[in-house]
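Report on one structure; see the data block that follows.
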Amino acid sequence: MTEPFFGNFDLASLSLWLFWGFFALLIFYIQRENMREGYPLEDDDGNASANQGLFPLPDDKTFRLPHGRGEVTVPSGQTPERKDLALRKTAAGNGFPFEPTGDAMADGVGPASWAPRRDIPELDGHGHPKIVPMSATDHFHVSAGRDPRGMPVVAGDGATVGTISDMWIDEPEQLVRYLEIALDEGHGGGKRLVPMTFARIWGGKVKVRSIFGKHFAGVPQNASPRQVTLLEEEKISAYYGGGTLYASEARLEPQLG
């Protein structure tokens, strides 16, 4: 009598081992794909880390960007990190904090850090800049709340630095991203943007508490009056964000009354 082919073979065991093998390969694949940003690892000084982990870097993958913006290759084509930062170690070992060596807000370090994003505007699905001044479009108007245009801008130290001259809107998202400030000559003159999240409209004024009057002249400017680039957005937001700590020495350390 002929034995059946699987007569003495455990199909359930085979299925289980195939599942574990597939699951292990899936974890390996997902972990490698997760290493397309932030790798290879670096230490606090920007040098290659001695411990790069158990998994090798994935093979390069090239993406074609829409609207004729070229290609980007990861992980080898990543934007290089900023070098020669105005920081120094507070201790010899890795893991200790760094402290600024100059004007942290101007140097873009600590809470005022910014990443070197591409110096091009973010586009919508049709290839047009997403964020534009309201004065440049007829599609939007203020339908609720207070229109801040024409209101004075008050800094964190109480100084009045200028007036709101325009609102910059994110057209696809239909919300206000920035307010445009026309600065007084005594505070630098010209136009500056302030992220809407750093402004408070109250009592007929626009209050910006994160920085003081003397800091507005140093707010990074956008090159075009009709659009703002990713890099400019990064620097502007970082400047105001850094001011929450660096605008005054009184903000640097806890104060005991």
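For the single chain, residues carry numbers from 1 onward in sequence order.
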With side-chain contact (heavy atoms from CB on, under 4.5 Å) as the criterion, how do Leu183 and Arg192 come out once you've worked through the C-alpha distance, each side chain's angles and the decisive distance to 0.1 Å? CA-CA 7 Å; Leu183 291 178; Arg192 302 292 193 280; 3.5 Å; yes
Begin from the C-alpha positions of Trp202 and Arg146 and carry the test side-chain contact (heavy atoms from CB on, under 4.5 Å) through to its verdict. CA-CA 9 Å; Trp202 188 261; Arg146 296 290 302 275; over 6 Å; no
Could you walk me through whether Tyr178 and Ser237 satisfy the side-chain contact (heavy atoms from CB on, under 4.5 Å) test, starting with their C-alpha distance in whole Å, then the side-chain angles of each, then the deciding distance to 0.1 Å, before giving a yes or no? CA-CA 10 Å; Tyr178 298 92; Ser237 298; 4.2 Å; yes
Assess whether side-chain hydrogen bond (donor to acceptor under 3.5 Å, both in side chains) is satisfied between Ser135 and Asp166, documenting all intermediate values. CA-CA 7 Å; Ser135 59; Asp166 207 348; 2.6 Å; yes
Assess the residue pair Val194 and Ile181 against the criterion (side-chain contact (heavy atoms from CB on, under 4.5 Å)); give the C-alpha distance rounded to whole Å, side-chain angles, the decisive distance to 0.1 Å, and a yes or no. CA-CA 7 Å; Val194 55; Ile181 306 172; 3.8 Å; yes
Taking it one step at a time, do Lys130 and Asp124 satisfy salt bridge (charged side-chain N to carboxylate O under 4.0 Å, His left out)? CA-CA 5 Å; Lys130 282 187 64 177; Asp124 61 17; over 6 Å; no
Test log, rule side-chain hydrogen bond (donor to acceptor under 3.5 Å, both in side chains), inputs Ser49 and Glu42: CA-CA 5 Å; Ser49 175; Glu42 297 179 350; over 6 Å; no
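Separation of atoms CG (Leu41) and CG (Asn51) is listed at 7.5 Å; rounding is to 0.5 Å. Atoms OH and CG, from Tyr239 and Leu193 in turn, are 14.0 Å apart once rounded to the nearest 0.5 Å. Separating the OG1 atom in Thr73 from the CZ atom in Phe63 is a distance of 9.0 Å, to the nearest 0.5 Å. Atom NZ of Lys235 is separated from atom CD of Gln221 by 12.0 Å, given to the nearest 0.5 angstrom. Here the CD1 atom belonging to Ile236 is positioned 9.5 Å from the CG atom belonging to Leu231, to the nearest 0.5 angstrom. Rounding to the nearest 0.5 Å places CG of Leu85 at 7.5 Å from OG of Ser113.
For the pair Arg226 and Trp168, the NZ or CZ position fails the cation-pi test of under 6.0 Å to the six-membered ring centre and within 45 degrees of the ring normal.
Contact annotation: the side chain of Asp10 never approaches that of Leu14 to less than 4.5 Å [non-hydrogen atoms, C-beta and beyond]. Proximity of Arg177 to Met167: side-chain heavy atoms (C-beta onward) are nowhere separated by under 4.5 Å. Two residues are said to be in side-chain contact when any heavy atoms from C-beta on lie closer than 4.5 Å; Ile201 and Met196 meet this criterion. Using a 4.5 Å heavy-atom threshold, the side chains of Ser224 and Asn222 count as separate. Put simply, the side chain of Lys191 reaches to within 4.5 Å of the side chain of Glu180, judged on heavy atoms. Two residues are said to be in side-chain contact when any heavy atoms from C-beta on lie closer than 4.5 Å; Ile131 and Pro121 fail this criterion. With a 4.5 Å cut-off on side-chain heavy atoms, Val153 and Ile164 count as touching. Ser165 is not listed as a side-chain neighbour of Arg149, based on a closest heavy-atom distance of 4.5 Å or more.
Residue-environment remark: CG (Asn47) exceeds the threshold of 12 foreign heavy atoms within 6.0 Å. Within 6.0 Å of CG on Leu26 lie more than 12 heavy atoms contributed by other residues, nucleotides or ligands. Annotation for Tyr29: atom OH does not count as buried by contact number, only 12 or fewer foreign heavy atoms lying within 6.0 Å. The number of heavy atoms from other shown groups lying within 6.0 Å of CZ (Phe96) does not exceed 12. By the 6.0 Å contact criterion, CD on Glu71 is enclosed, its count of non-hydrogen atoms from other residues, nucleotides or ligands being greater than 12.
Arg69 places no side-chain N or O within donor-acceptor distance of the main-chain N or O of Ile120, the cut-off being under 3.5 Å. A distance-only check finds a donor-acceptor pair linking the side chain of Arg36 to the backbone of Val74 [under 3.5 Å]. Not one N or O on the side chain of Thr163 forms a donor-acceptor pair closer than 3.5 Å with the backbone of Gly150.
Applying the side-chain hydrogen bond (donor to acceptor under 3.5 Å, both in side chains) definition to pairs two or more places apart or across chains, those involving residues 99-112 are Arg88-Glu99.
When every heavy atom of Tyr246 is checked against every heavy atom of Gly110, the shortest pair comes out as OH-CA, 3.7 Å. Taking each heavy atom of Val161 and Ala155 in turn, the nearest pair found is CG1-CB, 4.2 Å. The two residues Ala104 and Ala112 come nearest to each other via the heavy atoms O-CB, 3.7 Å. Among all heavy-atom pairs drawn from Phe140 and Thr137, the shortest one is CD1-CG2, 4.2 Å. The shortest heavy-atom contact between Glu234 and Ala115 is OE2-N, 3.0 Å. In plain terms, the two heavy atoms of Glu232 and Val228 that are nearest each other are OE1-CA, 3.5 Å.
Relative ring orientation between Phe19 and Phe23 is described as parallel, the plane-to-plane angle staying below 30° on a 0-90° scale split at 30° and 60°.
Side-chain atoms of Asp119 and Thr229 include a donor-acceptor pair closer than 3.5 Å.
Salt bridge Arg117/Glu233: absent, no basic N to carboxylate O contact under 4.0 Å.
Connection of Val109 to Leu245 is not established within any shared hydrophobic cluster, with ILVMFWY side chains joined at heavy-atom distances below 4.5 Å, either directly or through further cluster members.
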Can you give each donor-acceptor pair under 3.5 Å made by side-chain atoms of residues 209-219, sequence neighbours left out, with the distance rounded to 0.1 Å?
{"residue": "Ser210", "atom": "OG", "partner": "Tyr240", "partner atom": "O", "Å": "3.3"}
{"residue": "His215", "atom": "ND1", "partner": "Phe212", "partner atom": "N", "Å": "3.0"}

